[in-house]
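Below is one structure, written out as structure tokens; comments come after it.
The figures here come from the full heavy-atom set of this structure, side chains too, leaving out hydrogens, waters and symmetry mates. The chain is numbered in sequence order, starting from 1.
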Amino acid sequence: MIGRPRLLLVVVAVVLYALAHVVLAITHDYKVADPVPYYAGLVLMVGSCLAVLVRAPTGLATPVAVGVVAAVVAATLLVVVVLPEGRPSYAMWYPSLVAVPMGGVVLRGLPVLGVVGAATSAAVTLWWSALGPGWVEGLYRVTTPTAAVVVCVGVGVLMRRSRVDVDRAHAERVVASEFAAAVRVGDGERADRMADVARLAAPVLSRLADGETPGRRLVKECRLLESGLRDSIRGRGIVDAAVSAAAWAARARGVRVVLLDDAGHDAPVVDTPARRAVRAAAARSLEAVSSGVVTVRLVPQPDQAVGTVVVVSADAALAARAVVGLSRVVVEVGDDEVVLTVPAGLNH
């Protein structure tokens with residue numbers, strides 16, 4: 001791909017090339033029979049050059065390209081009709097200047113129109129030069145600009161292939177960056193899990209390492225520890241410090257606690273207002289009950305609800321009262337059962 005500074009240099013060079021031929025046209029106007037068609041052709045040719053040099057957000061529009069080709073052919077006809085018969089070299093500026101607008105049409109995505117325009121202009125010049133002794137000179141004048149347009153076709157093909165390669169490389173870099181970001185997130189989550197394991201397990205393991213006899217109390221703590229570690233895996237989107245402490249205390253009182261993150265184990269944990277509401281409802285419910293079962297779940301497809309807290313306990317009414325005041329938590333009370341639902345609209 002051509003960088004902006006280099007592209008600017010190319011445009012400046014093309015503009016200087018066109019200006020040089022405009023100067024040639026003006027200095028040779030005395031050779032023509034009528035200056036009006038001559039200068040009309042010059043204006044058309046300059047206008048066609050400007051049309052292909054003006055930058056647009058997309059490629060050259062087809063109607064504009066057709067207009068450029070028509071202007072070039074019309075300019076050729078207007079100039080040759082006022083030249084001395086069969087002497088195209090008397091106005092040698094216009095065959096060379098044809099390469100600028102037609103090359104621009106080719107490079108801006110319409111190679112067929114550019115080649116047709118250059119070939120038509122060349123055919124008009126050769127036809128006019130064949131009327132007199134100057135057909136060889138006419139062939140000499142049109143060969144170089146026509147060849148330049150053909151070369152532009154090859155350059156355009158290479159540019160398109162280069163653009164495809166660059167886009168593919170960019171897409172690959174984006175995928176690599178996303179993969180690297182996912183790896184960093186995964187490393188961060190693993191580090192957080194290891195920190196949680198160290199925080200939960202270190203006190204119990206230290207006591208075992210110090211030789212404490214595994215009595216009933218220590219065995220119970222080990223079971224609570226195992227449940228807490230399981231929560232960090234199965235309920236990773238639910239567990240925070242408050243939920244972890246509440247679940248530990250509830251289990252110690254005899255409550256069965258189940259934490260399930262079914263929202264996607266492979267996806268990074270994203271904290272949202274809805275998930276914070278689920279965790280707050282879970283922590284308050286766990287703190288309120290002393291028996292039964294508390295199940296906290298993040299649903300896999302949160303179209304209607306992000307998560308639920310189901311309390312089946314003789315203390316269900318206490319759990320319902322504990323969540324009073326929590327924003328957007330829907331409470332459904334049954335016989336010895338409370339269902340707390342956090343709707344999906346809280347994410348927005």
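Contact check for V338 versus V331: side-chain heavy atoms found under the 4.5 Å cut-off. Between V323 and L326 there is a side-chain heavy-atom pair separated by less than 4.5 Å. Between V155 and L158 the shortest side-chain heavy-atom distance does not fall below 4.5 Å. The side-chain heavy atoms of M45 and V72, taken from C-beta on, include a pair separated by under 4.5 Å.
Taking both residues in full, the closest heavy atoms of G41 and V79 are given as CA-CG2, 4.5 Å, listed atom of the first, atom of the second, then distance. Considering every non-hydrogen atom in both P101 and V52, the closest pair reads O-CG1, 3.6 Å. Closest approach of L44 to A71, counting heavy atoms only: CB-O, 3.9 Å. Considering all non-hydrogen atoms of both residues, V299 and A305 come closest at CG2-O, 2.7 Å. In terms of heavy-atom proximity, V22 sits nearest to V46 at CG2-CG2, 3.7 Å. Contact detail for L78 and P37: the closest heavy-atom pair is CB-O, 3.4 Å.
In R230, the CZ atom is crowded: over 12 heavy atoms of neighbouring residues, nucleotides or ligands sit closer than 6.0 Å. Taking a 6.0 Å sphere around CZ of R276, one finds it holds more than 12 heavy atoms contributed by other residues, nucleotides or ligands. Under a cut-off of 6.0 angstrom, the local environment of CZ in R253 is crowded, with over 12 non-hydrogen atoms contributed by other residues, nucleotides or ligands.
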Inset, instruction - Check the pair V257, L286 against side-chain contact (heavy atoms from CB on, under 4.5 Å), reporting the backbone distance first and the verdict last. - result: CA-CA 8 Å; V257 181; L286 289 167; 3.6 Å; yes

Inset, instruction - Would you check, one step at a time, whether the test side-chain contact (heavy atoms from CB on, under 4.5 Å) holds for V258 with V294? - result: CA-CA 6 Å; V258 180; V294 178; over 6 Å; no

Inset, instruction - Step by step, work out the side-chain contact (heavy atoms from CB on, under 4.5 Å) result for V310 and E337. - result: CA-CA 7 Å; V310 180; E337 182 182 55; 3.9 Å; yes

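Ion pair D262/R297 flagged as a salt bridge, since at least one NZ, NE, NH1 or NH2 atom sits closer than 4.0 Å to an Asp/Glu carboxylate oxygen.
Considering CZ of R223 and OG of S227, their distance stands at 9.5 Å, rounded to 0.5 Å. The line from CE of M102 to CG of L107 is 11.5 Å long, rounded to the nearest 0.5 Å. Annotation: the span from L259 atom CG to I233 atom CD1 amounts to 12.5 Å, rounded to 0.5 Å. Once rounded to the nearest 0.5 Å, the distance linking CG of L340 with CD of E332 reads 9.0 Å. Atoms OG and CG, on S313 and D336 in that order, are 7.5 Å from each other to the nearest 0.5 Å.
Residues V66 and V153 fall within the same hydrophobic cluster, defined by Ile, Leu, Val, Met, Phe, Trp and Tyr side chains chained together at heavy-atom separations under 4.5 Å. A single hydrophobic cluster is not seen to contain both L53 and V23; linkage of ILVMFWY side chains at heavy-atom distances under 4.5 Å, directly or through other members, places them apart. Both V289 and V333 belong to a common hydrophobic cluster when Ile, Leu, Val, Met, Phe, Trp and Tyr are linked at side-chain heavy-atom distances under 4.5 angstrom. Side-chain heavy atoms closer than 4.5 Å link hydrophobic residues (I, L, V, M, F, W, Y) into clusters, and following such links, possibly through other members, connects L42 to V124. Transitive grouping of hydrophobic side chains (ILVMFWY, heavy atoms separated by less than 4.5 Å) keeps V98 and V112 in distinct clusters.
A donor-acceptor contact shorter than 3.5 Å is absent between the side chain of D315 and the backbone of L318. Under a 3.5 Å cut-off, the side chain of S177 and the backbone N or O of R173 do form a donor-acceptor pair. In terms of modelled atom types and a separation under 3.5 Å, the side chain of R284 and the main chain of A319 share no donor-acceptor contact.
Listed by chain and number, the residues in a side chain to side chain donor-acceptor pair (under 3.5 Å) with T62 amount to none (sequence neighbours excluded).
Pairs engaging residues 72-82 under the side-chain hydrogen bond (donor to acceptor under 3.5 Å, both in side chains) rule: T76-S121 [sequence neighbours left out].
Of the residues listed (L298, V309, D231), the one engaging I238 in a side chain to side chain contact (heavy atoms under 4.5 Å, CB included) is L298, and it is the only one.
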